[in-house]
There are 2 protein chains.
Amino acid sequence: MLSKEELPFCPVATTVDLIGNKWKLLIMRELLKGTKRFNELHKAIEGISQKVLTENLRKMEEDGIINRKAYAVVPPKVEYSLSELGDSLRPIINSMSDWGTAYIKENLI
Amino acid sequence: MLSKEELPFCPVATTVDLIGNKWKLLIMRELLKGTKRFNELHKAIEGISQKVLTENLRKMEEDGIINRKAYAVVPPKVEYSLSELGDSLRPIINSMSDWGTAYIKENLI
DNA sequence: CCGTATCCGAAAGGATACTG
DNA sequence: CAGTATCCTTTCGGATACGG
C-alpha cells in the first residue's frame with residue numbers, strides 16, 4: 001500500500017522501482033514461461049550468480065511479484081512462479097521481447 | 001551492428017542492455033514527451049545528478065537511441081531528442097506507464 | 001548553460017566455502 | 001538442491017570544483 005505522502009505519482013518510476021533492473025527483468029522472462037525451480041533459473045539466466053539470483057528472488061517475493069513454494073523433501077525442491085500481479089507485467093516483457101527481436105533482425109550482419 | 005558471434009539471440013536481454021536501468025528509462029519517459037534541453041531533463045528527473053545524467057545521455061547517444069544537437073550560442077544550448085530507433089521503444093515505456101498507473105490506483109489508500 | 005574532472009562512499013555483484 | 005556466509009572487487013552515484 002502507498003500513502004499519499006509517498007506519491008510523486010509517477011507511473012513509470014513506480015514500475016521501474018519494481019522491475020527496472022537487468023536481473024529482475026531476466027527472471028521475469030523465465031517465469032513467464034512457467035513455474036521454474038531454483039536451479040533451472042540459475043542455468044537459464046546467463047551470468048547470474050547464486051547469490052544475486054537469491055537476493056533478487058527475495059525482493060520480488062517481498063514485492064508480491066512472485067510466489068515461492070518449498071517442498072519438504074530431500075533433496076530440497078523449491079519452485080518459483082509469477083503471482084497474479086507479476087503476471088500482469090507480461091505485456092511489458094513481451095514488448096521488450098518484440099522490440100529486441102526486431103532490433104536483432106535489423107542489425108544482424 | 002552485431003556479429004553472429006555476439007549473438008546469444010535473446011531479445012529481452014538485448015533490450016535490457018540498451019534501456020534496462022532506472023535512469024535510462026526515466027530519461028526515455030521525458031524525451032517521449034518531446035525535445036528537451038539538458039536543464040529541463042535535470043529538473044524533470046528527480047534525484048539524478050548532473051554527472052549521472054550526462055553519462056547516461058552519452059551512452060544512449062552512442063547506442064543510437066537519442067540525438068544530441070548543440071547550438072553555437074552563448075550561453076550554450078543543447079537539445080536532446082529521441083532518434084527513430086529510440087522512438088520505436090515507445091510501446092515499452094507506455095506499457096510501463098500503463099501498468100504503473102493501474103498499480104498506483106489499486107494500492108492507493 | 002552545459003558540461004568535465006576528481007574524489008569518495010555506497011551498493012552491486014563475483015568467488016569461494018560451507019550447510020540442512 | 002537450494003540456499004547462507006564471508007570476503008573482495010567493481011561499478012554506481014553523490015559532492016564539489018572548475019571551464020568553454
Side-chain angles (χ1 to χ4, degrees), chain A residues 8 10 12-13 16-31 33-63 65-83, chain B residues 8 10 12-13 16-31 33-63 65-83:
Chain A
C10 173
V12 175
V16 165
D17 282 342
L18 289 181
I19 55 161
N21 83 61
K22 178 181 172 179
W23 297 126
K24 285 182 186 175
L25 286 167
L26 295 178
I27 292 170
M28 289 290 303
R29 179 197 61 187
E30 289 309 311
L31 292 182
K33 299 176 190 168
T35 297
K36 299 257 179 182
R37 297 182 59 170
F38 184 86
N39 251 3
E40 293 182 285
L41 289 173
H42 194 197
K43 283 178 214 155
I45 302 171
E46 202 174 346
I48 198 169
S49 68
Q50 203 172 26
K51 179 192 163 196
V52 172
L53 177 56
T54 303
E55 285 171 352
N56 279 280
L57 287 170
R58 292 287 171 276
K59 280 181 213 155
M60 292 168 79
E61 193 190 355
E62 200 180 324
D63 289 335
I65 293 174
I66 64 172
N67 298 130
R68 177 181 187 274
K69 183 167 186 181
Y71 296 86
V73 296
V74 180
K77 175 178 173 180
V78 180
E79 286 181 344
Y80 292 94
S81 60
L82 291 178
S83 68
Chain B
C10 173
V12 175
V16 165
D17 281 341
L18 288 182
I19 55 162
N21 83 61
K22 179 182 172 179
W23 298 126
K24 285 182 186 175
L25 287 166
L26 295 178
I27 292 169
M28 289 290 303
R29 180 198 60 185
E30 289 309 312
L31 292 183
K33 299 176 190 168
T35 298
K36 299 257 181 185
R37 296 182 60 170
F38 183 86
N39 252 3
E40 292 182 286
L41 290 172
H42 195 198
K43 283 178 215 158
I45 302 171
E46 203 173 345
I48 198 168
S49 69
Q50 203 174 28
K51 178 193 164 196
V52 173
L53 177 55
T54 303
E55 285 172 352
N56 279 280
L57 287 171
R58 293 288 171 276
K59 280 181 213 153
M60 293 168 78
E61 193 190 353
E62 201 180 324
D63 289 335
I65 293 174
I66 65 172
N67 298 130
R68 179 180 187 274
K69 182 167 185 182
Y71 296 86
V73 296
V74 181
K77 175 178 173 181
V78 180
E79 287 181 344
Y80 292 93
S81 60
L82 292 178
S83 67

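Just so we're on the same page: letters track the sequence lines, and every chain starts at 1.
- Applying the 4.0 Å criterion to OP1 and OP2 of dT4(D), one finds that R58(A) has a side-chain N or O inside that range.
- The side chain of Y80(A) contributes an N or O atom lying less than 4.0 Å from OP1 or OP2 of dG3(D).
- Atoms NZ and CD, on K36(B) and E79(B) in that order, are 11.5 Å from each other to the nearest 0.5 Å.
- Rounded to a whole Å, the CG atom of L57(B) is 13 Å from the P atom of dG13(D).
- Other residues, nucleotides and ligands contribute only 12 or fewer heavy atoms inside 6.0 Å of the NZ atom of K69(A).
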Check your understanding: Dot-bracket for DNA chain C: what is it, with Watson-Crick or G-U pairs under 3.5 Å, [ ] where a pair crosses earlier ones, and | for a pair to another strand?
Key -> |.||||||||||||||||||
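- Within 4.0 Å (heavy atoms only), P75(A) reaches sugar-phosphate atoms of the nucleic acid but no base atom.
- Using a 4.0 Å heavy-atom distance criterion, Q50(B) is classed as a base contact.
- By the side-chain contact (heavy atoms from CB on, under 4.5 Å) test, A70(B) pairs with R68(B), V78(B), sequence neighbours left out.
- Atoms CZ (R68(A)) and P (dA2(D)) sit 10 Å apart, rounded to a whole Å.
- Taking side-chain N and O atoms only, R37(A) has no distance below 4.0 Å to OP1 or OP2 of dC1(D).
- I45(A) places its CD1 atom 14 Å from the P atom of dA2(D), with the value rounded to the nearest Å.
- Residue whose closest nucleotide on DNA chain D sits further toward the 5' end, between N21(B) and T54(A): T54(A).
- In this structure, CG of N56(A) is placed 16 Å from C1' of dA2(D), rounded to the nearest angstrom.
- The side-chain heavy atoms of H42(A) and I48(A), taken from C-beta on, include a pair separated by under 4.5 Å.
- For DNA chain C, the contact window with chain A, defined by any atom under 4.0 Å from a protein heavy atom, covers dG13(C) to dG20(C) in 5' to 3' order.
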